[in-house]
Amino acid sequence: MTRHQHSVVDLFSCGGGMSAGFAGRPNWQLLAAVDLEVAKPSGKSAGETGCNAIYEANHGLKPFSEDLHLLDPSDLMERVGLRRGQLTCLISCAPCTDFSRANPDNHLSDRRRNTLVGRSGDFIDALLPDVFVMENARELLTGNHPEHWRGLRERLQGLGYDVRAGVHFLNGFGLPQVRERALIVASRVGPARTLEDLWSNASVRPEAATVRTALSRLQHWLSTNPEDVTGGVAPGMGNAVAARLRATPHDGGGWIDVAKNPDTRHLLTPECRKRWISGEWGSHPDVYGRMWWDRPAPTIKRESAHIGNGRYAHPEKDRLLTVREMATLQGFPFDYQFPVKSVANRYRAIGDAVPPVIAWQIAACVEWTLTGQKPDPKDWVMPKTCFSAEDIISPAMLAAA
């Protein structure tokens, strides 16, 4: 391989969210991606999510459909034509499903899929990339099964990497969504740089990371650009669900508002009715809810294709957010394509993704690590997304103003 460009290999590539942060930057080349396309958490059949087709449509590279429990790193290197030490950046966003607090059983049970964090270490050892990046649920670092992270960290340090790890709320970096994630960056070519370094002397304008701003910028884009046929759709709803949503107040309303009104209380699901009577709402208030206009969206999870799974309804319209609207709130470019037949799988690819607007900033951190020069704020901003350079407040920008 000729190193005329910075090179990337993306393990667990999903629909290409993290790769998108590197692919559009000058002098970066995607060499390979790997994803078995198994639906998480219950899927068993390879290829069922169709995420590799999404990746290929947007990045022009067909991922290998392989089980990373079984794929030998030397096999991957031979296919791609890589020798040890040639790769610039290895991405390995191992599955987070069995770490995440979204499943309370994860606090008690450690499952085989979690060993893929350690398996990433085998690929690091074989490839010896300049920089390694992993994004995951916060519980990878803070949860009840820290041995996976600790083992990976020790292995990285043993190979001479400077390792940085932290948990971040991504709305603090311009994503119009409250999304809390762990980020690991490790470098063997200089001090590892991460998002808190990038933003150490800057902040996001408060009104920027909101549903209103994001969707209005999407509409502005669509006013001069045709919608891709894979994005402007939303699943239909049954009569009962539709009636419940029509009774839900605009701009942040939820089933509790429906319950408070004696004239609409009969529209509740049996579970919501039970919780209303008991007064024990738990984490349930967000289901069948509308997003707020002037707040970040709630966390967009992989099962976001039904309003019964979270606060995924439009602030005013009586429907779920479209694929394109949901992708916008997840930081995808406005022209990103989702060419799989199953609409539910389009939403899954969005919810499973590393938000591309954040991946773009992570790539900027990697460039800083490689060059020793901090990128200008304009280089933090991914084109054709809901995040804009005008959303960044920095001393230099204030002085220029």
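This is a predicted model, so every value here is computed, not measured. Sequential numbering from 1 along the given sequence is applied to the chain's residues.
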Are more than 12 heavy atoms from other residues, nucleotides or ligands located less than 6.0 Å from atom NE2 of H220? no

How about E207: does its CD atom have over 12 heavy atoms from other parts shown lying under 6.0 Å from it? yes

With a 3.5 Å distance limit and no angle check, can you tell me whether [X] reaches the backbone of [Y] through a side-chain donor-acceptor pair?
| X | Y | answer |
| --- | --- | --- |
| T269 | C272 | yes |
| R311 | G252 | yes |
| K374 | L198 | yes |
| D125 | D122 | no |
| R275 | E280 | yes |
| R181 | F169 | no |
| Q330 | A353 | yes |
| R179 | N171 | no |
| T210 | R295 | no |
| E56 | A53 | no |

Once rounded to the nearest 0.5 Å, what's the spacing between atom [atom1] of [X] and atom [atom2] of [Y]?
| X | Y | atom1 | atom2 | result |
| --- | --- | --- | --- | --- |
| C51 | D352 | SG | CG | 8.0 Å |
| R193 | T369 | CZ | OG1 | 7.0 Å |
| S388 | R217 | OG | CZ | 5.0 Å |
| E325 | L329 | CD | CG | 8.0 Å |
| I307 | M291 | CD1 | CE | 11.5 Å |
| S65 | D35 | OG | CG | 7.5 Å |

Between [Y] and [X], is there a side-chain donor-acceptor contact under 3.5 Å, judged purely by atom types and distance?
| X | Y | value |
| --- | --- | --- |
| E37 | N52 | yes |
| S216 | T213 | no |
| D10 | S19 | yes |

Minimum side-chain heavy-atom gap [X]-[Y] below 4.5 Å:
| X | Y | value |
| --- | --- | --- |
| V204 | W199 | yes |
| P355 | L170 | yes |
| P315 | H250 | no |
| I54 | P339 | yes |
| V163 | Q157 | yes |
| F338 | R324 | yes |
| L82 | L76 | no |
| R188 | L159 | no |

For [Y], is the NZ or CZ atom of [X] found under 6.0 angstrom from the centre of its six-membered ring and inside 45 degrees of the ring axis?
| X | Y | value |
| --- | --- | --- |
| R302 | Y347 | no |
| R244 | Y288 | yes |
| R273 | W276 | no |

Report the C-alpha distance between T299 and E180 in whole Å, list the side-chain angles of each, state the deciding distance to 0.1 Å, and finish with yes or no for side chain to side chain contact (heavy atoms under 4.5 Å, CB included). CA-CA 8 Å; T299 302; E180 188 179 15; over 6 Å; no

Using the salt bridge (Lys or Arg N to Asp or Glu O under 4.0 Å) rule, take R79 and E66 through it: C-alpha gap first, then chi angles, then the decisive distance, then the call. CA-CA 13 Å; R79 294 190 203 182; E66 298 280 358; 2.7 Å; yes

Specify the closest pair of heavy atoms between [X] and [Y], including all atoms of both residues, with the distance to one decimal.
| X | Y | result |
| --- | --- | --- |
| S120 | F132 | CB-CZ, 4.4 Å |
| R290 | L245 | NH2-O, 3.0 Å |
| E196 | H168 | OE1-CE1, 2.8 Å |
| A234 | L321 | CB-O, 4.0 Å |
| E48 | N345 | O-ND2, 3.0 Å |
| P235 | L320 | CD-CD2, 3.4 Å |

Parallel, tilted or perpendicular: which describes the rings of [X] and [Y], with under 30° parallel and over 60° perpendicular?
| X | Y | answer |
| --- | --- | --- |
| H314 | W293 | perpendicular |
| H59 | Y55 | perpendicular |
| W28 | H6 | tilted |

Apply the side-chain contact (heavy atoms from CB on, under 4.5 Å) test between W221 and each candidate in T385, T328, D335; give the one that qualifies. D335

Take D379 and W360, measure what side chain to side chain contact (heavy atoms under 4.5 Å, CB included) needs, and give me the verdict at the end. CA-CA 9 Å; D379 296 323; W360 188 270; 5.7 Å; no

Evaluation steps, salt bridge (Lys or Arg N to Asp or Glu O under 4.0 Å), between D318 and R246: CA-CA 6 Å; D318 293 332; R246 286 195 298 271; 5.5 Å; no

Lys/Arg-Asp/Glu bridge criterion (N-O < 4.0 Å) met for R348, E303: yes

Derivation and outcome, side chain to side chain contact (heavy atoms under 4.5 Å, CB included), residues I184 and W149: CA-CA 10 Å; I184 298 164; W149 151 237; 3.5 Å; yes

Worked verdict on R150 versus E154 for salt bridge (Lys or Arg N to Asp or Glu O under 4.0 Å): CA-CA 6 Å; R150 291 173 182 169; E154 290 171 6; over 6 Å; no

From CA spacing to verdict: side chain to side chain contact (heavy atoms under 4.5 Å, CB included), L11, I91: CA-CA 6 Å; L11 308 181; I91 300 165; over 6 Å; no

